[in-house]
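Below is one structure; the comments refer to it alone.
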2 protein chains.
Amino acid sequence: MEEYLKYSRVFKALGDPKRAMIVDMLSCGELCACMILQKFEMSQSTLSHHMKILCECGLVKAREQGKWTYYSLNKDTVNNIKQFLCDITSDKENCICRENADNCKGCDEYE
Amino acid sequence: MEEYLKYSRVFKALGDPKRAMIVDMLSCGELCACMILQKFEMSQSTLSHHMKILCECGLVKAREQGKWTYYSLNKDTVNNIKQFLCDITSDKENCICRENADNCKGCDEYE
DNA sequence: GTTTCATATTGACGCATTTCGATTTGATGC
DNA sequence: GCATCAAATCGAAATGCGTCAATATGAAAC
């Protein structure tokens, strides 16, 4: 379950449309907070909160320079969850989560 | 924003570790609800609720057969969000979300 | 050092989510 | 028909989330 928790934290961060859009914006390169804020109708504190969530799950990196904070996408984290999605779409012969499949009458009938 | 909402609904569904695990279980093939329930310490009503969320976002398909309901992964939906992740990790020259980048003093200084 | 500006933090407010026990629905078997 | 079983739905409680205004922090400019 620890493994799933690791992934789900990132998925949860992307589970807000505004955060998904922010991540998409950052895919073109680093941006400062004020630039991101321009694109949304939200308060500065709300944006700051969203950026914190994106940073805490590892999706986004923050770089402070003087007054400004520059945010960039952490592609390693994106690749991690991309790998998870690849794993679940690849064909598998057998699977550990199926080990007790015989205990289920319904599944027996189906097989 | 509509586009991001479409993606974020799926991400949100994966944003719960139990649901991420269920999706992983289904990656090996169709399973009935009772089989999934065996693997978790949760009530039957709670599982039913999670399955509804997974179905409503399009990640999982339900097939009813008599008393039993069989769930399977909808790989098309997984491939959709995989494509989004591929897009944001690919190198881009320019990006529509950057169109007003000059308005930001901070960004100007940085460039 | 005081002002100004960008960002973070705090506290509060509704709203959504997770969870459960209890009940309902709908199919199967007697 | 009646009992049984799988799954869905309902109602309620606890927790979490998105949002804002107000305030705090901390760097730059004067």
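Computed from a predicted model, the values in this text were never measured in an experiment. Chain letters run A, B, ... following the sequence lines, proteins first, then strands; residues in each count from 1.
Listed by residue number, the members of residues 12-19 of chain A with any heavy atom below 4.0 angstrom from DNA chain D are A:Lys12, A:Asp16, A:Lys18, A:Arg19. Only A:Thr46, A:His49, A:His50, A:Ile53, listed by number, bring a heavy atom of residues 46-55 of chain A to less than 4.0 angstrom from any atom of DNA chain D.
Here the P atom of nucleotide D:dA7 and the CD atom of B:Gln38 are 11 Å apart, to the nearest Å. The CG-P distance, from A:Leu37 to D:dT19, rounds to 12 Å in whole Å. Atom pair A:Glu64:CD and C:dC5:C1' shows a separation of 15 Å (rounding to whole Å applied). A:Trp68 has its CH2 atom 14 Å from the P atom of C:dA8, to the nearest Å. With rounding to whole Å, B:Phe40 atom CZ is found 15 Å from D:dA7 atom P. Spacing between atom CD of B:Glu56 and atom P of C:dT17 amounts to 10 Å, rounded to whole angstrom units.
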Please output the side-chain donor-acceptor pairs of residues 9-22 of chain B that fall under 3.5 Å, not counting sequence neighbours, one pair per line with the distance.
unit_1, atom_1, unit_2, atom_2, d
B:Asp16, OD1, B:Lys18, N, 2.9
B:Asp16, OD1, B:Arg19, N, 3.2
B:Arg19, NE, B:Ala13, O, 2.7
B:Arg19, NH1, B:His50, ND1, 3.1
B:Arg19, NH2, B:Lys12, O, 3.4

Using residues 40-48 of chain A as the side-chain source, report each donor-acceptor pair under 3.5 Å to any protein atom, sequence neighbours left out, with the distance given to one decimal.
unit_1, atom_1, unit_2, atom_2, d
A:Ser43, OG, A:Ser45, OG, 3.2
A:Ser43, OG, A:Thr46, N, 3.2
A:Ser43, OG, A:Thr46, OG1, 2.9

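In terms of the salt bridge (Lys or Arg N to Asp or Glu O under 4.0 Å) criterion, residue partners of A:Glu3 (sequence neighbours excluded) are, by chain and number, A:Lys6. For B:Asn79, the side chain to side chain donor-acceptor pair (under 3.5 Å) partners are B:Lys82, not counting sequence neighbours. With sequence neighbours left out, the ring pair (Phe, Tyr, Trp, His ring centres under 6.0 Å) criterion links B:Tyr4 to no other residue. Listed by chain and number, the residues in a side chain to side chain donor-acceptor pair (under 3.5 Å) with B:Asp76 amount to none (sequence neighbours excluded). Listed by chain and residue number, B:Asp87 satisfy the side chain to side chain donor-acceptor pair (under 3.5 Å) test with B:Gln83 (two or more places apart in sequence, or in another chain). B:Ser72 pairs by the side chain to side chain donor-acceptor pair (under 3.5 Å) definition with nothing, not counting sequence neighbours. Scored by the salt bridge (Lys or Arg N to Asp or Glu O under 4.0 Å) test, A:Lys52 finds no partners at all (sequence neighbours excluded).
For D:dA21, the base has a donor-acceptor partner in the side chain of A:Ser45 [N/O atoms by modelled type, under 3.5 angstrom]. The base of C:dA8 sits with one of its N or O atoms less than 3.5 Å from a complementary donor or acceptor on the side chain of A:Gln44.
Contact annotation: the side chain of A:Tyr71 approaches that of A:Met51 to within less than 4.5 Å [non-hydrogen atoms, C-beta and beyond].
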Distances under 3.5 Å between protein N/O atoms and the N/O atoms of nucleotides 24-27 of chain D, please, pair by pair.
none

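Annotation for A:Lys61 and A:Leu73: closest pair CE-O, 4.0 Å, computed over non-hydrogen atoms.
Nearest to the side chain of B:Tyr71, among C:dC20, C:dT7, D:dA8, sits D:dA8.
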